[in-house]
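Working notes for the structure below.
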Amino acid sequence: MTLAPTAPAPPAPAVDPTRPGLAALARTTPGRLTTLLALLVVLGLAFGAAMVVGVQQRGGRLDEVRSHSGPLTVQAQQLYRSLSDADATAASAFLAGGVESASAARRYQQDIAEAGKALATASNSAGANARVVQQLTSQLPVYTGLVETARVYNRLGIPLGAAYLREASGLMRDKLLPAAKSLYQAETARLADDRSAAAGFPWVAIPVGLLLLAGLVVGQVYLSRRTKRVFNRGLLVGCAAAVVALLWLTVSWGALASHLGSARDHGSAQVEAYAQIRLTALQARADESLTLVARGNGASFERDFRQRMTDLVGSDGKGGLIGAARSGADDAQRRQLDAVRKDVTDWQAAHAKVRSLDDGGQYPQAVKVAIGSGPGSAADAFGSLDRHAAGAIEAANARFTDQASAAASSQTGAAIGLGVLAALCVVGTAIGLQRRVAEYR
């Protein structure tokens, strides 16, 4: 048996001894320069992308603060205030007996209209708060119906009207106000999240930029030693562009964080503090009126009134909500809070007179001191407090708006400018190193 001859193996490809492998090439000066070039270009592109994307993201959250979460927080606070004021006004108007004054009727109707407007705004952006908004929307007409029934009976001189008013106030306190407070707290939390995100430190861009700058410096030193040239113009341009970009990014972020911090400390935080003061005063006003409406059966309302006074100024008259707000206020805001504290003191004195008259069997005189418009009346002191608190809220809201606008202005042109600087850094680095690589060919 004869075996077939096997085919000869193909010859191995010839190896050019003059061409080094990739590993060997990477150890040469051109190879090192090419590797450095690729690394710096990648870092430059990453730096530019991180800066531009970061600025755009912070700008988006800042827009949320200015046009969405900020205004919605104001609307939620307005809803809470309008409901509280409607309850206090309805109770005070009821004390007048018969037909309430035109001013009281207008104020009540305005409160209900403003509450409805705030609810409409909230319903358009309810999101996770849809259930709360739906509860408020469904319960508000029930409340107004009870109040209208109480007013009809009151005009007819039928005592049953007081029962309907107490039921309306119970609905307001047990369901409407807690729901409004929940909505306000949710919007406040959303505003805080947006503000925090907008002022967030650029954790990606700055470390990448520092790494890029370090690489540019190392490359400059390496070229200086290998080529005996002090500076490489391309790397010098890249270094300058990276330094300017880092400074711009840091300064613009610092300005943004500073303005948003001021917007929080002297704007939204003070709005929240003043709003709580005003709401507590409104609820105290309702308690005061309902104590008289109850005609000797209002001990629980009187206890609530005293507790709300303690909430406002503390047991010593210097603490409470007003003292807490004052600790974080500036000089102008402290003066406003001092005026509010004086109003509380005047109100307490007037209320003591109301209770003395009522407990002494002089009910008509007690009602007159409670709802009269003259100096020394409870209504006059409460009205002054409400005006001072409203002015303080308006001023703090204006401060928030101004600081948020200033924060937005600090970012004007940042995305474009930083992108141009990053591109200049990459191009300058590429040209500078490519010329050195070309010298070895």
Side-chain angles (χ1 to χ4, degrees), residues 69-89 111 114-115 118 122 129 132 136 172-192 195 263-288 304-330 332-345 347-348 381-400:
S69 55
L72 281 179
T73 300
V74 173
Q75 287 296 321
Q77 186 266 328
Q78 178 63 37
L79 171 64
Y80 196 4
R81 188 213 69 82
S82 296
L83 292 176
S84 297
D85 193 63
D87 191 41
T89 302
D111 286 333
E114 289 178 350
N129 301 313
V132 176
L136 287 164
M172 176 65 75
R173 293 165 184 243
D174 295 340
K175 294 184 178 180
L176 287 170
L177 288 180
K181 184 176 182 179
S182 174
L183 180 63
Y184 176 56
Q185 290 174 336
E187 294 300 341
T188 300
R190 184 190 301 184
L191 173 61
R195 185 178 56 235
R264 177 196 61 215
D265 296 338
H266 301 293
S268 59
Q270 290 302 109
V271 167
E272 185 173 357
Y274 296 148
Q276 191 59 47
I277 290 170
R278 192 182 190 192
L279 292 168
T280 301
L282 285 167
Q283 291 165 6
R285 179 60 174 165
D287 289 327
E288 183 176 55
D304 289 343
F305 174 86
R306 294 182 183 277
Q307 181 58 52
R308 298 192 200 285
M309 289 292 106
T310 301
D311 291 341
L312 284 173
V313 295
S315 57
D316 60 353
K318 298 180 180 179
L321 294 171
I322 295 175
R326 199 177 187 280
S327 64
D330 57 24
Q333 291 167 337
R334 287 194 183 98
R335 288 192 293 271
Q336 291 172 322
L337 288 167
D338 289 342
V340 171
R341 179 180 288 158
K342 181 181 181 302
D343 293 331
V344 172
T345 301
W347 188 3
Q348 288 175 316
F382 164 73
S384 179
L385 186 158
D386 192 60
R387 288 190 298 273
H388 282 134
I393 291 173
E394 185 177 354
N397 266 326
R399 182 77 170 268
F400 173 84

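Worth saying up front: this structure is predicted, and the values here are computed from it rather than measured.
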Going through the checks in order, is the side-chain contact (heavy atoms from CB on, under 4.5 Å) test met by L136 and L83?
CA-CA 10 Å; L136 287 164; L83 292 176; 4.2 Å; yes

Report the distance from atom [atom1] of [X] to atom [atom2] of [Y], rounding to the nearest 0.5 Å.
{"X": "E272", "Y": "L191", "atom1": "CD", "atom2": "CG", "value": "9.5 Å"}
{"X": "I393", "Y": "Q276", "atom1": "CD1", "atom2": "CD", "value": "10.5 Å"}
{"X": "D111", "Y": "D87", "atom1": "CG", "atom2": "CG", "value": "10.0 Å"}

Is any side-chain heavy atom of L176 closer than 4.5 Å to one of Y80?
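Side chain of Y80 against side chain of L176, heavy atoms only: no contact under 4.5 Å found.
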
Close side-chain approach of W347 to M309, heavy-atom, < 4.5 Å:
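The answer is yes; the side chains approach within 4.5 Å.
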
Check each of R173, K181, Q283 against S84 using the side chain to side chain contact (heavy atoms under 4.5 Å, CB included) test, and report the only one that passes.
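Only one option passes, and that is Q283.
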
Under the side chain to side chain contact (heavy atoms under 4.5 Å, CB included) test, residues paired with [X] that sit two or more places apart:
{"X": "A76", "answer": "L183, Y184, E187"}
{"X": "Q78", "answer": "R81, S82, E114"}
{"X": "D386", "answer": "R107, R278, L282, F382"}
{"X": "V74", "answer": "N397"}

Between R195 and S268, is there a side-chain donor-acceptor contact under 3.5 Å, judged purely by atom types and distance?
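Side chains of S268 and R195: pair found under 3.5 Å.
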
Salt bridge (Lys or Arg N to Asp or Glu O under 4.0 Å): which pairs involve residues 305-314, sequence neighbours left out?
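As it turns out, the salt bridge (Lys or Arg N to Asp or Glu O under 4.0 Å) pairs with a partner in residues 305-314, which skip direct neighbours, are D287-R308, E302-R306.
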
Which donor-acceptor pairs under 3.5 Å do side chains of residues 318-330 form with protein atoms, sequence neighbours excluded?
unit_1, atom_1, unit_2, atom_2, d
R326, NE, D338, OD1, 2.9
R326, NH2, D338, OD2, 3.4
S327, OG, A324, O, 2.6
D330, OD1, A332, N, 3.3
D330, OD1, Q333, N, 2.8
D330, OD2, R399, NH1, 3.0

